[in-house]
Novice: 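Sharing a structure, written as structure tokens. Questions coming.
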Amino acid sequence: ETGVTQSPTHLIKTRGQQVTLRCSSQSGHNTVSWYQQALGQGPQFIFQYYREEENGRGNFPPRFSGLQFPNYSSELNVNALELDDSALYLCASSLQTGGGYEQYFGPGTRLTVT
Amino acid sequence: AQSVSQHNHHVILSEAASLELGCNYSYGGTVNLFWYVQYPGQHLQLLLKYFSGDPLVKGIKGFEAEFIKSKFSFNLRKPSVQWSDTAEYFCAGGNSGGYQKVTFGIGTKLQVIP
């Protein structure tokens with residue numbers, strides 16, 4: 001167990017709907033990253049939040065957005081869901097220091113879009 | 001472009017056999033490299049990491065990896081695998097400093113036969 005929790009575990013939505021996924025970071029971690037893992041693929045970086053600001057983004061459209069709260073928990077919001085958004089969504093928390101970093105992953109939220 | 005490639009997508013070994021999983025990266029600048037493991041039904045766990053210093057890195061459960069800068073490689077090794085090593089293994093990399101975008105390889109499914 002890493003101390004990173006995600007909710008819900010599973011979710012089924014219809015194309016065109018909106019979804020919010022939640023993540024609680026490991027205690028003391030000030031950075032959270034979100035990843036999408038499609039079936040048979042490695043996780044793909046969506047974006048990262050550091051001290052409540054987005055400080056990096058992968059190749060995902062603006063309908064993927066996020067928030068980080070003062071307690072470092074985070075949300076991932078996806079608008080106008082498409083069938084291809086069906087995937088496992090992973091949250092990872094880390095502590096940003098001057099040197100390297102380690103990301104600790106949560107169990108993920110399995111999103112199915114029908 | 002930053003990329004991580006894994007050569008073997010599916011590996012089947014007998015118990016006690018030696019393991020080597022290939023990973024190559026394409027990054028400019030100083031790189032942080034990781035191997036993650038995902039056991040069936042569990043979340044991603046960090047096996048080992050390389051930030052700097054000794055290029056031979058030892059991780060948990062008897063795994064090690066060697067960073068060879070001239071070959072842009074970070075191969076994972078274990079001298080003698082066990083049935084409990086059956087899992088999916090992901091190589092990942094990111095630039096040190098800045099924001100922590102981590103790029104994952106496609107993953108290698110390892111099946112160890114008793």
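Proteins come first, then strands; the chains are lettered A, B, ... in the order of their sequence lines, and each starts at number 1.
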Novice: Please determine whether the number of non-hydrogen atoms from other residues, nucleotides or ligands lying under 6.0 Å from atom CD of A/Gln44 exceeds 12.
Specialist: no

Novice: Atom CZ of residue position A/Arg63 - does it have more than 12 heavy atoms of other residues, nucleotides or ligands inside 6.0 Å?
Specialist: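 It does: A/Arg63 CZ has more than 12 such atoms within range.
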
Novice: Kindly compute the distance separating OH (A/Tyr35) from CZ (B/Phe104), expressed to the nearest 0.5 Å.
Specialist: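 With rounding to 0.5 Å, OH (A/Tyr35) is 5.5 Å from CZ (B/Phe104).
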
Novice: If every non-hydrogen atom of A/Gly40 is compared with every non-hydrogen atom of B/Ile106, which pair is closest and at what distance?
Specialist: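 Answer, listing the atom of A/Gly40 first, then B/Ile106: O-CG1, 3.7 Å.
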
Novice: Take a 6.0 Å sphere around CG of A/Asn71 and say whether it holds more than 12 heavy atoms from other residues, nucleotides or ligands.
Specialist: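 Counting other residues, nucleotides and ligands, CG of A/Asn71 exceeds 12 neighbours.
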
Novice: For B/Gln42, is it the side chain, the backbone, both, or neither that has a heavy atom closer than 4.5 Å to a heavy atom of chain A?
Specialist: neither

Novice: How about CD1 on B/Ile60, more than 12 heavy atoms from neighbouring residues, nucleotides or ligands closer than 6.0 Å, or not?
Specialist: yes

Novice: In the single-linkage hydrophobic clustering (I, L, V, M, F, W, Y; side-chain heavy atoms under 4.5 Å), do A/Phe105 and A/Val32 co-cluster?
Specialist: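 As far as the 4.5 Å side-chain criterion goes, A/Val32 and A/Phe105 are not connected within one cluster.
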
Novice: Answer whether the closest heavy-atom distance between the side chains of A/Pro43 and B/Leu44 falls below 4.5 Å.
Specialist: yes

Novice: Could you report the tightest heavy-atom contact between A/Gln41 and B/Phe90, atom names first, then the distance?
Specialist: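 Residues A/Gln41 and B/Phe90, closest heavy atoms: O-CE2, 4.0 Å.
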
Novice: Measure the CD-CZ distance between A/Gln103 and B/Phe34 for me, rounded to the nearest 0.5 Å.
Specialist: 7.0 Å

Novice: Can you say whether B/Leu46 sits under 4.5 Å from chain A via the side chain, the backbone, both, or neither, judging by heavy atoms?
Specialist: side chain

Novice: Mind checking the CD-CD spacing from B/Gln38 to A/Gln37? Nearest 0.5 Å is all I need.
Specialist: 5.0 Å

Novice: Can you confirm whether A/Ile12 is buried at CD1, in the sense that more than 12 heavy atoms of other residues, nucleotides or ligands lie under 6.0 Å from that atom?
Specialist: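 12 or below, so no.
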
